[in-house]
Chemist: 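My questions all concern the structure below.
Since we're looking at a predicted model, the values are computed, not measured. Atoms within each ligand, like the ligands themselves, are counted from 1 in listed order.
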Amino acid sequence: MSLRSEIFDQPAAARHQLESSPAAIEALVAQLRAQPVRSVVLAARGTSDHAAIYAQYVLGVRNRLSAGLATPSVVSLYDGDPDVRGALVVGISQSGASPDIVGVVEAARRQGALTLAITNDPGSPLASASDHVIDLAAGPELAVAATKTYTTSLLAIARLSIALADGSPATPGTNVAASLAGIPEAIAAALTVEAEVEAIVAEVSAMDRCIVVGRGFEYATAREWALKLKELAQVFADPYSSADFLHGPIALVHPGIPVLVLAPSGATEAGQVELLRDLRVRGIDTVVVSDVPETRALGRWSLAIPAGVPEWLRPIVSIVPAQLFAYHLTLARGLDPEEPRYLSKVTRTT
Ligand code: F6R
């Protein structure tokens with residue numbers, strides 16, 4: 001399978017994820033009901049770390065859980081043992097093989113904390129080290145750049161959030177189930193922009209620097225889009241939460257450095273629209289990803305994502321045109337998306 005075929009495999013991978021590990025999610029939630037936690041610690045690297053950032057927003061907004069990113073080096077390099085008793089500790093790793101991530105989960109388990117692995121390899125060291133395992137069930141991912149394991153990781157996190165919130169008055173259960181079931185189709189709809197992507201990258205293929213901004217749930221998408229641009233297209237892509245961007249890095253904007261803006265409908269929309277207007281006045285080229293036609297019209301270029309996906313689930317869809325963008329920009333820059341420089345599929349950091 002090539003990278004492009006794995007990108008296009010995502011609707012099927014999402015369908016498989018939606019059917020995967022229901023008993024594990026049920027068992028974890030039952031245990032959490034008996035021993036509630038107030039915080040979640042998330043350990044991950046690379047693309048999986050971006051899934052962890054998504055989890056911070058989802059669990060914080062929907063489940064009132066304070067969710068933070070682990071610091072694996074504290075455990076692996078300094079023999080530190082941060083007190084995670086009373087927290088749920090989650091390792092997210094498509095390979096389940098990175099020793100420092102496994103180390104965080106092992107340390108948590110020694111302390112008696114509840115642990116969960118979200119992985120595409122249920123036979124991996126991470127899975128073995130954890131009390132509960134959600135199998136991504138994305139199928140083999142052979143391309144070095146992770147795509148379908150990212151979207152299925154987000155889906156697994158969304159399912160966990162739904163299961164945790166089930167029965168809570170704050171959650172409108174039936175609509176949520178329907179929205180989740182509609183995700184594979186929404187991903188398929190997002191994949192239809194390939195011709196538009198190719199037209200844009202033909203115009204920007206010379207770019208070797210860019211800024212990527214997204215906020216809230218879409219901060220994870222900004223980070224992931226930038227990583228794909230770096231590792232595949234060798235573009236210096238600098239990702240920001242749009243709020244942080246305004247606190248300093250906006251000083252970097254300059255005609256000739258495109259800004260890629262995730263600006264979908266929802267809580268972040270007004271701020272992103274204001275940013276797009278400012279960038280326009282300053283003569284900055286922008287690529288806008290949005291489900292809102294009026295917002296897309298503010299960009300020099302734009303890519304549509306399907307309307308009707310709830311804001312909190314949308315990152316599972318909005319990354320898809322970004323993956324296509326990185327893939328085609330790689331080709332347009334004369335590089336091989338199957339052979340990203342200096343990288344291999346599994347990176348074992350210790
Ligand atoms: C990026 C990519 C890497 C991996 C990272 C973590 O496209 O593939 O950043 O996501 O090496 O790997 P896992 O998830 O196996 O721990």
Chemist: Does the pair E224/K228 count as a salt bridge with the N-to-O cut at 4.0 Å?
Modeler: yes
Chemist: Using 4.0 Å as the upper bound for N to carboxylate O, is an ion pair formed by R215 and E218?
Modeler: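 Looking at E218 and R215, the cut-off is not met.
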Chemist: Which protein non-hydrogen atom lies closest to atom 12 (O) of ligand 1, naming both residue and atom, and how far is it?
Modeler: Q94 NE2, 3.8 Å
Chemist: Show which atoms of ligand 1 fall inside a sub-4.0 Å distance from at least one heavy-atom site of K228.
Modeler: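 Those of ligand 1 that fall under 4.0 Å from K228 are 1 (C), 7 (O).
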Chemist: Tell me if the CD atom of E203 is crowded by more than 12 foreign heavy atoms within 6.0 Å.
Modeler: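 It does: E203 CD has more than 12 such atoms within range.
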Chemist: Can you list the atoms of ligand 1 that are under 4.0 Å from a heavy atom of V144?
Modeler: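 Counting from 1, the qualifying ligand atoms are 8 (O).
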Chemist: Looking at atom 16 (O) of ligand 1, what's its closest protein heavy atom, distance included?
Modeler: S93 OG, 2.6 Å
Chemist: Quick check: does T47 get an N/O under 3.5 Å from an N/O on ligand 1?
Modeler: yes
Chemist: Which option out of A145, S95, S124, S48 puts a heavy atom nearest to atom 15 (O) of ligand 1?
Modeler: S95
Chemist: Considering only the protein, which heavy-atom contact is closest to atom 6 (C) of ligand 1, and what is its distance?
Modeler: R45 O, 3.2 Å
Chemist: Looking at atom 7 (O) of ligand 1, what's its closest protein heavy atom, distance included?
Modeler: E231 OE2, 2.5 Å
Chemist: Pairs of nitrogen or oxygen atoms closer than 3.5 Å, one from K345 and one from ligand 1: do any exist?
Modeler: no
Chemist: Report the relative orientation of the aromatic rings in Y219 and Y57; use parallel for angles under 30°, tilted for 30 to 60°, perpendicular for over 60°.
Modeler: perpendicular
Chemist: State whether E141 and K345 are salt-bridged, where the test is any N-O pair (Lys NZ or Arg NE/NH1/NH2 against Asp/Glu carboxylate O) under 4.0 Å.
Modeler: yes
Chemist: Less than 3.5 Å apart, any donor N or O on the side chain of S93 or S48 sitting next to an acceptor on the other?
Modeler: no
Chemist: State plainly whether the residues R4 and E194 are in salt-bridge range, i.e. N to O under 4.0 Å.
Modeler: yes
